[in-house]
Amino acid sequence: MKRLLRLYKPFTNAGIQEMVVYRVNFLFFLLGEIMKCFVMFFVWKAVFESSNGETLYGFTYPQMVVYLFISFLCGYLSYSDGSYAIGKEVLDGSIAMRMIKPVNFDMCFLFQELGSKIIQVTMIFLPITVGVELFRFFTSGEILAVHHLLLFIVSMILAYGINFYFNLSYGFLAFFLKNLWGTDIIKGVIIDFLSGATIPLAFMGGFGKILGFLPFASLSYTPVMIYMGMYDTKQILFYLGLQVIWLGVFILISKLVLKSAMKRLVVHGG
């Protein structure tokens, strides 16, 4: 373990330095995401004001606000740009330099992203969580249970692992397609919908229940529902177990796709 940390610590430091050096870019990106979140806030506010009942598919208005902001938080913290990074390196040929280094290919990306996650957790997770809990306390008198917070953190770690290896597997398609820019944008939109980040899966009836078994629900919907205490103990154990299974599946897929992709590598530029 010590050898692993010593070997990949420079990649983590690089991730932290990248966030610090390009902090203006990071802040403007964050500002854009927050503005998008507030747009959705006013949309759902209008929906609840126009509805006849106090609840909508089991959600009260305060619960919907909590869902919206925690869903944004989950999407941001579980985000991985592995597919974009690999596609870019394949396109400009710099992937060759990464291949000749005596380190594990996927661990390089993982530890580099962990560096950026350290900054994101500090600057985003704590302020948003505190703000959401203050809103929940003053509107409904509820407070976040400690065990829900701990289980939420576990679920978020699994969600990030799933998203990381999914994007890694998708990024390896650049070895075949050469350019993933357009398909990467489409992928992001589809995942936002399937993960419940755009619309809660509970609003989709039977179709939403089916989506709940897919890996994309593990990226946002599952952690949010655990955070909000809307799952009982059996449901929490089931969905955490499902996250573990999907994590294992995508780790295996990434290994298989990389093995196949290495046989077809063609470097342009470099």
Per the ring pair (Phe, Tyr, Trp, His ring centres under 6.0 Å) rule, which among Y57, Y61, F41 passes with F48?
Y61
Does atom CZ of F38 have more than 12 heavy-atom neighbours from other groups under 6.0 Å away?
no
So Y227 and V66, side chain to side chain contact (heavy atoms under 4.5 Å, CB included) or not? Walk me through it.
CA-CA 9 Å; Y227 180 95; V66 173; 4.2 Å; yes
Apply ring pair (Phe, Tyr, Trp, His ring centres under 6.0 Å) to residues F59 and F203 and explain how you reach the verdict.
CA-CA 10 Å; F59 285 80; F203 285 53; 5.8 Å; yes
Can you tell if the side chain of I128 reaches within under 4.5 Å of the side chain of F72, non-hydrogen atoms only?
yes
Check the angle between the aromatic planes of Y239 and F213 and answer parallel, tilted or perpendicular using the 30° and 60° thresholds.
tilted
Take the angle between the ring planes of Y221 and Y231 and call it parallel below 30°, perpendicular above 60°, tilted in between.
perpendicular
Ignoring hydrogens and angles, write down the donor-acceptor pairs under 3.5 Å from the side chains of residues 137-152, residues two or more places apart or on other chains.
{"from": "T139", "atom 1": "OG1", "to": "F135", "atom 2": "O", "distance (Å)": "2.7"}
{"from": "T139", "atom 1": "OG1", "to": "R136", "atom 2": "O", "distance (Å)": "3.4"}
{"from": "S140", "atom 1": "OG", "to": "R136", "atom 2": "O", "distance (Å)": "2.8"}

Q243 side-chain N/O to L240 backbone N/O, donor-acceptor pair under 3.5 Å:
no
Within the 3.5 Å criterion, strictly below it, is a donor on E113 or S80 matched to an acceptor on the partner's side chain?
yes
Could you tell me if S220 and S71 have a donor-acceptor pair between their side chains, going purely by distance under 3.5 Å?
yes
Taking only residues two or more places apart in sequence, or in another chain, which ones meet E54 in a side chain to side chain donor-acceptor pair (under 3.5 Å)?
none
Assigning hydrophobic clusters by single linkage (Ile, Leu, Val, Met, Phe, Trp, Tyr; side-chain heavy-atom cutoff under 4.5 Å), is L134 placed with L68?
no
